[in-house]
Amino acid sequence: MSTERVSWEKYFMNIAREVATRSTCDRKNIGAVIVKDKTILSTGYNGSIKGLPHCDEVGHEMVDGHCVRTTHAEANAIAQAAKNGVSIDNAEIYVTASPCYNCFKLTANSGIKTIYYDEFYRDERILQHAKEAGIKLIHLE
């Protein structure tokens, strides 16, 4: 029996979806996977500061309609790579939702060159800035 293998892009996005199941902010579960040369370098999901209570335990800290208690998945994946001394320069990131503006800036400044995302999330500014910075933004459907 012949089984068709999923593409690398679908494979890594599937893993990002699984990572999202660890999210501790029940407003939106997001997962991120940083990859280079088809090797996973780091993962992250949205959750509170390490060691502090999570949204699903104590509630949300809301500012302008956003929960600010959580650190976003992209930021957590980048922080995990930094903590472990893993270079992510010229890497790719797979995220279950496109980055917010702050996470886009962090991702761009970390050297990541391609952002794959599942759903578009709110901030149109990233579209123009990605073009200007030479970062590929790829919507996987």
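Values below: all heavy atoms of this structure, side chains included; hydrogens, waters and symmetry mates excluded.
Of all heavy-atom pairs spanning Gly44 and Ala77, the tightest one is N-CB, 3.7 Å. Looking at every heavy atom in both residues, Gly47 comes nearest to Thr24 through CA-OG1, 3.2 Å. Minimum interatomic distance between Leu137 and Ala130 (heavy atoms only, all atoms of both residues): CD1-CB, 3.6 Å. Nearest heavy atoms, Lys28 versus Ala97: CE-CB, 4.4 Å.
A donor-acceptor pair is defined here as one N or O able to donate and one able to accept, closer than 3.5 Å; no such pair exists between the side chain of Thr114 and the backbone of Glu92. A donor-acceptor contact shorter than 3.5 Å links the side chain of Asp123 to the backbone of Arg125. A donor-acceptor pair is defined here as one N or O able to donate and one able to accept, closer than 3.5 Å; such a pair exists between the side chain of Arg69 and the backbone of Pro53. Counting only distance, with no hydrogens or angles, the side chain of Lys10 and the backbone of Arg5 share no donor-acceptor pair below 3.5 Å. A donor-acceptor pair is defined here as one N or O able to donate and one able to accept, closer than 3.5 Å; such a pair exists between the side chain of Ser98 and the backbone of Tyr121. Side-chain N or O atoms of Asn76 include one that pairs as donor or acceptor with a backbone N or O of Thr71 at under 3.5 Å.
Side-chain polar atoms of Ser42 and Gln80 form a donor-acceptor pair below 3.5 angstrom. His54 and Glu57 form no side-chain donor-acceptor contact under 3.5 Å, judged by distance and modelled atom types alone. Asp26 and His60 share a side-chain donor-acceptor pair at under 3.5 Å. Between the side chains of Thr70 and Asn46, no donor-acceptor pair is found at a separation under 3.5 Å.
Atoms CD1 and NZ, from Ile88 and Lys36 in turn, are 9.5 Å apart once rounded to the nearest 0.5 Å. Atoms CZ and SG, on Arg27 and Cys55 in that order, are 9.0 Å from each other to the nearest 0.5 Å. Rounding to the nearest 0.5 angstrom, the gap separating the CD1 atom in Ile93 from the CG atom in Leu106 is 8.5 Å. Taking OG from Ser110 and CG from Asp89, the interatomic distance works out to 8.0 Å, rounded to the nearest 0.5 Å. Distance check, rounded to the nearest 0.5 Å: CD1 of Ile112 to OG1 of Thr107 gives 5.0 Å.
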Practice problem: Apply side chain to side chain contact (heavy atoms under 4.5 Å, CB included) to the pair Val35 and Tyr94, showing each step before the final yes or no. | Solution: CA-CA 8 Å; Val35 175; Tyr94 292 78; 4.0 Å; yes
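Taking the ring centroids of Phe120 and His139, they lie at or beyond the 6.0 Å cut-off.
Each of Thr96, Asp56, Asn29 was evaluated against Ser23; a single residue qualifies, Asn29, per the side chain to side chain contact (heavy atoms under 4.5 Å, CB included) test.
Residue Leu52 qualifies as enclosed at atom CG: its count of foreign heavy atoms under 6.0 Å is above 12. By the neighbour-count criterion of 12 heavy atoms within 6.0 Å, atom CZ of Arg17 is densely surrounded, having more than that number from other residues, nucleotides or ligands.
No side-chain heavy atom of Glu18 sits under 4.5 Å from any side-chain heavy atom of Met13. Taking the side chain as every heavy atom from C-beta outward, Val95 and Asp118 never approach each other to under 4.5 Å. Side-chain contact between Phe104 and Ile115 is present, with at least one heavy-atom pair separated by less than 4.5 Å.
Aromatic ring orientation, Trp8 versus Tyr11: perpendicular (interplanar angle above 60°, classes split at 30° and 60°).
Under the 6.0 Å distance and 45° angle rule, Lys105 counts as a cation-pi partner of Tyr101.
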